[in-house]
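Residue numbers start from 1 in every chain, and the chains themselves are labelled A, B, ... in the order their sequence lines are given, proteins ahead of strands.
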There are 2 protein chains.
Amino acid sequence: MFDSCFVARLKRYLDLTPSEREAIAGLERDPKIYPAGTVLWTEGDDVTELMIVHQGWALSETRLTSGRRQILRFHFSGDMIGASGIAFRDAPSSIVAATDMTVCRFPRQALGETFAAHPRLAALFFSISQMESIDLSDRLRSLGRSDGKARLANLFLSISARMRAVTGEHNPVVRIPLTQTDLGDAVGLTQVHVNRLIRQMTEEKLITRNRATVTLVDEAGLVDLARFIDRFGTLDSSWFPPANT
Amino acid sequence: MFDSCFVARLKRYLDLTPSEREAIAGLERDPKIYPAGTVLWTEGDDVTELMIVHQGWALSETRLTSGRRQILRFHFSGDMIGASGIAFRDAPSSIVAATDMTVCRFPRQALGETFAAHPRLAALFFSISQMESIDLSDRLRSLGRSDGKARLANLFLSISARMRAVTGEHNPVVRIPLTQTDLGDAVGLTQVHVNRLIRQMTEEKLITRNRATVTLVDEAGLVDLARFIDRFGTLDSSWFPPANT
DNA sequence: CGCCACTTTGACTGGGATCAATCGCTGTGG
DNA sequence: CCACAGCGATTGATCCCAGTCAAAGTGGCG
């Protein structure tokens, strides 16, 4: 059995009991490898499984009938994906591998069983779901009420903050395996305009970008520009029910 | 004891057992009345309670330091609000009463107890949380990748769809107690531009608006314009654990 | 070595912002 | 019953951020 990324993620939030740990690890079995570009599923598919990212990046996206694309969220190691398709059966967005990745799939029922056996984990999953909503809300504010430069700054900072939460280390150099087109589709700008903004931000000594490597040269300046709020505090588990066993 | 809006809402999704029903109704006690404009709580407050909307409209909003406002979501009868503040303690957004409203508050702990006693309700709450994420994703796509007219059309349609889900009736006349400024803050436009767009849409016989009353004159045209997806299907509860009692 | 995906740059256009008045309704107090 | 205040809606003039179209540059890889 290999190390469970999901356990690694969740135990940052909560001191897991052995049986909780086992239940979570049980969801992350039978890893499969997908090359970059693989479409894990497509908007509208009837999805009955959830996935946990072991390694690599995925992104969820939707397309308008005009062909325009909006990237909704990025998924890293330890993230559970597919939960958004759990309410209705149809996947509301497509999931695409941005890099080569390793993923474990498990059926929905397993989540139900976990909820029944471990109410504290149910509360934890609920909280994580709420964190996702907060993340989406922050993106919404960014798209609705700030200009292109601030949106990009926000994107870089939020990716950096999430990576930091995964790896535990604070590094101004962030690997962001996205093209300028991808960046644009994430923040609602065109590729051409993203290019110009990146050049401007480079001139202003805010960032540096070289292929997939982005360096946050002046992080304080970026935070100020983006009015970024790093919400990665500790999770409040005070209301959780007691753990089973 | 008065009728629980929360029970009314949830039983649309799931055939509730008597004890589940009781647990839910228990969360909706001691209703309080707030006049329109009341700030129920402010961004950053340490919130330890959740609320259920009994009557009226609330909206959640954030402000940038520049003073600009982004409306994130609307809350109607039967909605639970405050869940987004449950992960961390600080409320990520303010909640403001858009009309006079009746609201019930309950402590977070009660949610934890419900999770422990009724795993099936935990699964239901999780699903509802995911529906919220989907709603936010749809708004994100709208703001990121469509023009002002489509954004407004989308807003009107999604409010109409949600109202319909609450009231059960399909009526082209929708009461939307928002000013043009509010509409702009919801879709990322200025009040002035909202005004012009509404005039245009009226000329094109798509809608009619008079104060708080919006009429969807050509609903098909709006759906087409907004590329709107009405996701209000039935909830998939096939993966839920069995009900207790 | 040549293709292909990505980036860079320029010229022009347009949707929506900004600034600034004016209008109209409604509630309130003299 | 009227005057006035205040909020929201309407409208015009002007500006600018970002989109569009188009072409050339760069670098990795088969």
Side-chain angles (χ1 to χ4, degrees), chain A residues 35-37 59 64 66-71 96-100 142-155 175-204 207-214 225-226, chain B residues 35-37 59 64 66-71 96 98-100 142-155 175-204 207-215 225-226:
Chain A
L59 44 86
L64 307 212
S66 58
R68 308 178 101 179
R69 179 175 71 145
Q70 174 68 46
I71 294 179
V96 182
T99 64
D100 293 349
S142 178
L143 290 218
R145 287 301 183 205
S146 45
D147 63 13
K149 212 183 284 184
R151 289 189 218 173
L152 271 181
N154 218 308
L155 181 67
R175 192 158 177 287
I176 301 185
L178 302 173
T179 65
Q180 293 180 348
T181 306
D182 293 332
L183 294 173
D185 285 343
V187 299
L189 298 170
T190 56
Q191 175 272 127
V192 174
H193 199 59
V194 167
N195 182 287
R196 291 193 235 266
L197 290 174
I198 287 178
R199 185 166 49 65
Q200 278 183 45
M201 293 168 81
T202 306
E203 282 164 8
E204 292 163 8
I207 59 161
T208 271
R209 187 183 106 111
N210 191 295
R211 317 194 117 269
T213 305
V214 175
L225 172 67
Chain B
L59 43 87
L64 308 213
S66 59
R68 307 176 100 180
R69 178 174 71 144
Q70 174 68 47
I71 294 179
V96 181
T99 63
D100 293 349
S142 178
L143 291 218
R145 287 303 183 204
S146 45
D147 64 13
K149 212 184 282 182
R151 289 189 216 172
L152 271 181
N154 218 308
L155 182 67
R175 189 154 180 287
I176 301 185
L178 302 173
T179 64
Q180 293 181 346
T181 305
D182 292 333
L183 294 173
D185 285 342
V187 298
L189 298 170
T190 55
Q191 174 270 128
V192 174
H193 200 58
V194 167
N195 181 286
R196 291 193 235 268
L197 289 175
I198 287 177
R199 187 165 48 67
Q200 277 182 48
M201 292 169 82
T202 305
E203 281 164 9
E204 292 162 10
I207 59 160
T208 270
R209 188 183 108 109
N210 192 296
R211 317 196 116 266
T213 305
V214 175
T215 308
L225 171 67

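Listed by chain and number, the residues in a side-chain contact (heavy atoms from CB on, under 4.5 Å) with V194(A) are L152(A), Q180(A), L183(A), L189(A), I198(A) (sequence neighbours excluded).
Between Q191(A) atom CD and dA18(D) atom P the separation is 15 Å, expressed in whole Å. Across the protein-nucleic acid pair, N195(A) atom CG and dG19(D) atom C1' stand 14 Å apart, rounded to whole Å. Counting to the nearest Å, the C1' atom of dT11(D) and the CD atom of E203(B) are 13 Å from each other. Counting to the nearest Å, the C1' atom of dG25(D) and the CZ atom of R211(A) are 14 Å from each other. Rounded to an integer number of Å, the gap from N210(B) CG to dG8(D) C1' is 13 Å. The distance between atom CG of D185(A) and atom P of dG19(D), rounded to the nearest whole Å, is 11 Å.
Residue I198(B) is the one, among I198(B) and K149(A), whose nearest nucleotide of DNA chain D lies closer to the 5' end (criterion: closest heavy atom). In terms of position on DNA chain C, the residue among R145(A) and R209(A) whose nearest nucleotide sits closer to the 5' end is R209(A).
Rounding to the nearest 0.5 angstrom, the gap separating the CZ atom in R68(B) from the OG atom in S146(A) is 7.5 Å. Between atom CD1 of residue I176(A) and atom CZ of residue R211(A) there is a gap of 15.0 Å, rounded to the nearest 0.5 Å. We find the NE2-NZ distance between H193(B) and K149(B) to be 9.0 Å, quoted to the nearest 0.5 Å. Interatomic distance, M201(B) CE to R196(B) CZ, rounded to the nearest 0.5 Å: 16.0 Å.
Although no hydrogens or angles enter the test, the distance criterion places a donor-acceptor pair under 3.5 Å between the side chain of D182(A) and the main chain of T179(A).
Using a 4.0 Å heavy-atom cutoff across all strands shown, G184(B) reaches no nucleic acid atom at all.
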Are any protein N/O atoms closer than 3.5 Å to N/O atoms in nucleotides 13-17 of chain D? If there are, list each pair with its distance.
unit_1: dA13(D); atom_1: N6; unit_2: R196(B); atom_2: NH2; d: 3.0

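Between R69(B) and I71(B) the shortest side-chain heavy-atom distance falls below 4.5 Å. Considering only heavy atoms from C-beta on, L143(A) stays 4.5 Å or farther from Q70(B) through its side chain.
Boundaries of the chain B contact region on DNA chain C are dG16(C) to dT26(C), first to last in 5' to 3' order (nucleotide atom under 4.0 Å from a heavy atom).
Closest heavy-atom contact between D100(B) and A36(B): OD1-N, 2.7 Å.
Between Q180(B) and dT10(D), a side-chain N or O to OP1/OP2 separation shorter than 4.0 Å is present.
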